[in-house]
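Structure first, then comments.
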Amino acid sequence: MGDFVEVERHSKFVRVCHWGIVITCLFLTLTGIQLAFGVKVIDDAQALHIRLGFIFLGLWILFSYFALTEEWKWISPKRIPYSVKFVIEEAIAWIKGDHVDDPRAYDPKRREYVEKVIPSQVLVWWTYVALTLVIGLTGLALYDPKTYNFVLKASEPLSNLLGVDSYAFIRATHRFVMFLYAAIAVTHAYAATIFGTLGSMIHGKRKEKVATVGDLKRKHVPKAIAGAGGR
């Protein structure tokens with residue numbers, strides 16, 4: 001068992017944006033279900049859905065600004081191959097009852113992370129980005145088809161192929177992505193619990209493994225190890 005040190009993993013800004021996104025996403029889902037399937041949740045669900053949609057996009061822009069300026073080296077697309085390999089090896093190890101070594105480590109001397117994220121978070125981040133862009137653009141097109149007509153135009157090849165008009169296609173895409181978003185969010189919450197990062201998103205701090213010489217030299221290639229001890 002190595003040494004651990006308590007560090008601030010997430011700033012107040014990040015935590016406020018994160019939980020703001022979670023809360024608005026929850027209510028967007030509830031109001032979206034009401035609009036899509038007629039399930040009564042709240043009065044004037046459409047107005048609330050639209051307002052929350054703009055708040056959601058605003059929070060995402062703020063969160064993305066932080067991620068791109070402060071966390072880029074951890075979430076860069078260059079790390080996607082490493083992330084994919086980690087996910088595959090984690091899945092194989094999970095089937096065998098094992099798990100892959102947690103690469104996260106902190107260097108107290110330099111006061112910086114050697115590795116801050118579980119590699120699978122790279123894939124999760126870019127999946128969120130893609131889904132947010134799709135659900136945002138389709139939502140804007142549904143809200144104001146004239147102003148955001150370019151979204152409808154872009155969808156015409158697929159909508160024509162499926163034999164539906166572009167507005168109906170955009171609406172169906174918006175609903176479908178909503179379910180994908182919910183599925184990713186649930187998986188993300190589960191992984192945050194398993195890998196012990198949920199608490200740090202609440203109070204900001206986490207006890208991180210102190211980097212060893214091996215951590216400092218590692219090339220971040222995941223390697224399965226035996227024993228499914230606490231993660």
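- For Val5, the side chain to side chain contact (heavy atoms under 4.5 Å, CB included) partners at least two apart in sequence or on another chain are Val7, Tyr106, Pro108, Val210.
- Listed by first and then second residue, the side chain to side chain donor-acceptor pair (under 3.5 Å) pairs involving residues 167-176 are Thr138-His174 (not counting sequence neighbours).
- Here ring pair (Phe, Tyr, Trp, His ring centres under 6.0 Å) pairs that include residues 11-36, with residues two or more places apart or in two chains, number zero.
- The shortest distance between side-chain heavy atoms of Phe63 and Ile21 falls below 4.5 Å.
- In this structure, the side chain to side chain donor-acceptor pair (under 3.5 Å) partners of Lys40, at least two apart in sequence or on a different chain, are Asp43.
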Let me have the donor-acceptor pairs involving side chains of residues 45-55, under 3.5 Å, with sequence neighbours excluded, atom names and distances please.
{"residue": "His49", "atom": "ND1", "partner": "Leu28", "partner atom": "O", "Å": "3.3"}
{"residue": "His49", "atom": "ND1", "partner": "Thr31", "partner atom": "OG1", "Å": "2.7"}

Check: residues 153-161 side-chain donor-acceptor pairs under 3.5 Å, at least two apart:
{"residue": "Ser155", "atom": "OG", "partner": "Leu152", "partner atom": "O", "Å": "2.8"}
{"residue": "Ser159", "atom": "OG", "partner": "Ser155", "partner atom": "O", "Å": "3.2"}
{"residue": "Ser159", "atom": "OG", "partner": "Glu156", "partner atom": "O", "Å": "3.0"}
{"residue": "Asn160", "atom": "ND2", "partner": "Glu156", "partner atom": "O", "Å": "3.1"}

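- With sequence neighbours left out, the side chain to side chain donor-acceptor pair (under 3.5 Å) criterion links Thr147 to Asp144.
- Judged as a ring pair (Phe, Tyr, Trp, His ring centres under 6.0 Å), and not counting sequence neighbours, Phe179 has no contacts.
- Partners of Leu137 by side chain to side chain contact (heavy atoms under 4.5 Å, CB included), not counting sequence neighbours, listed by chain and number: Phe150, Val151.
- The environment of OH in Tyr143 is sparse: at most 12 heavy-atom neighbours from other residues, nucleotides or ligands sit within 6.0 Å.
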Using residues 128-136 as the side-chain source, report each donor-acceptor pair under 3.5 Å to any protein atom, sequence neighbours left out, with the distance given to one decimal.
{"residue": "Thr132", "atom": "OG1", "partner": "Tyr128", "partner atom": "O", "Å": "2.7"}
{"residue": "Thr132", "atom": "OG1", "partner": "Tyr181", "partner atom": "OH", "Å": "2.9"}

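- Under the 6.0 Å cut-off for aromatic ring centres, Trp72 and Trp125 do not qualify, their centroids lying 6.0 Å or more apart.
- Within the structure, side chain to side chain donor-acceptor pair (under 3.5 Å) pairs that include any residue of residues 7-16 comprise Arg9-Glu208 (at least two apart or interchain).
- With sequence neighbours left out, Glu71 forms a side chain to side chain donor-acceptor pair (under 3.5 Å) with Lys116.
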